[in-house]
S.K.: 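Once you've had a glance at the structure underneath, I'll fire off some questions.
Predicted, not measured: the structure shown is a model, and the values here were computed from it.
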Amino acid sequence: YQRRVHGGAHWLHIDVMDGHFVPNISIGPGVVKCLRPVTQAYFDCHLMVSDPGFWLDDFVKAGANGFTFHVEAYNDEAKTAELIKRVKSKGLDCGLSVKPDTPVSALYPFLDELDLALVMTVEPGFGGQKFMHKVLPKVQELRRKMPNLNIQVDGGLDAETVLPAAKAGANLIVAGTSVFAAKDRQLVMEKMLATVNENFGKEEL
């Protein structure tokens, strides 16, 4: 983690999976708590869980900075809005995510309260999947609607796919496999950052 931050990563994106909302199981608040003393990096926690509200206090105590959950977790506008309110009351940035097959309009009732909208460019749950170009119109639509919102994309991002993502309007890029599998990880991160800075929002809508 220290090497990724010093190598150019602005945030550390931490995937949390419960084996229910997605089939895989990954790290939880205990690991986040252990990481917090060794870095001051921004912990961008992405909860792929069935009941994200249940875990909020644990992640607050563990030292999370951002708390992103899926709109599909509750499929209930009132419950989703209430959790967004709770997250922000705890002093965390709040993000809301959509899976590839969920209409981006599912985020619309909440956009004014969000710090981040995450558009999944793979099915959540496993790393190393192929980037889904079909999802990019969602990013374009969000950027058109919310020019100043942080729009994040996650899944299959590498030195090539970061270009269309940036052009579509994504300003936050989550990269896992493409960075950790690279021989020169810092170079990969530098190239991706440069691509975003040079091409952000240049796609014609």
S.K.: Can you check side chain to side chain donor-acceptor pair (under 3.5 Å) on H46 and T68, steps first, answer last?
M.R.: CA-CA 5 Å; H46 173 200; T68 296; over 6 Å; no

S.K.: Name all residues meeting the salt bridge (Lys or Arg N to Asp or Glu O under 4.0 Å) criterion together with K145; count only those two or more places apart in sequence or in a different chain, and write none if there are none.
M.R.: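 Per chain and number, K145 pairs via salt bridge (Lys or Arg N to Asp or Glu O under 4.0 Å) with no residue.
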
S.K.: Among H70, E72, K138, which residue satisfies the side-chain hydrogen bond (donor to acceptor under 3.5 Å, both in side chains) criterion with T102?
M.R.: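 The passing option is E72.
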
S.K.: Classify the ring geometry between F69 and F67 as parallel (under 30°), tilted (30 to 60°) or perpendicular (over 60°).
M.R.: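 Ring orientation of F69 relative to F67: tilted.
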
S.K.: Just checking, is any N or O donor in the side chain of E82 or Y74 under 3.5 Å from an acceptor N or O on the other one?
M.R.: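 Per modelled atom types, E82 and Y74 side chains form no pair under 3.5 Å.
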
S.K.: Going by atom types only, do D44 and Q152 share a side-chain donor-acceptor pair under 3.5 Å?
M.R.: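 The answer is yes; a qualifying pair exists.
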
S.K.: Would I84 and L114 count as a side chain to side chain contact (heavy atoms under 4.5 Å, CB included) if you check the C-alpha gap in whole Å, the side-chain angles of each, and the deciding distance to 0.1 Å?
M.R.: CA-CA 8 Å; I84 292 171; L114 296 177; 3.8 Å; yes

S.K.: Indicate whether the side chain of R36 and that of N65 have a donor and an acceptor atom separated by less than 3.5 Å.
M.R.: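 There is such a pair between these side chains.
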
S.K.: Compare all side-chain heavy atoms of V16 with those of F59 and state whether any distance is below 4.5 angstrom.
M.R.: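 Side-chain contact under 4.5 Å: yes.
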
S.K.: Around K88, counting heavy atoms of other residues, nucleotides and ligands shown, do more than 12 lie under 6.0 Å from its NZ?
M.R.: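 Yes.
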
S.K.: Is D51 close to F21 at the side-chain level, that is, under 4.5 Å between some pair of heavy atoms?
M.R.: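 Counting from C-beta outward, F21 and D51 never come under 4.5 Å.
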
S.K.: Checking R185 side chain against V188 main chain: does a donor-acceptor pair fall under 3.5 Å?
M.R.: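 Looks like no, no N/O pair under 3.5 Å.
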
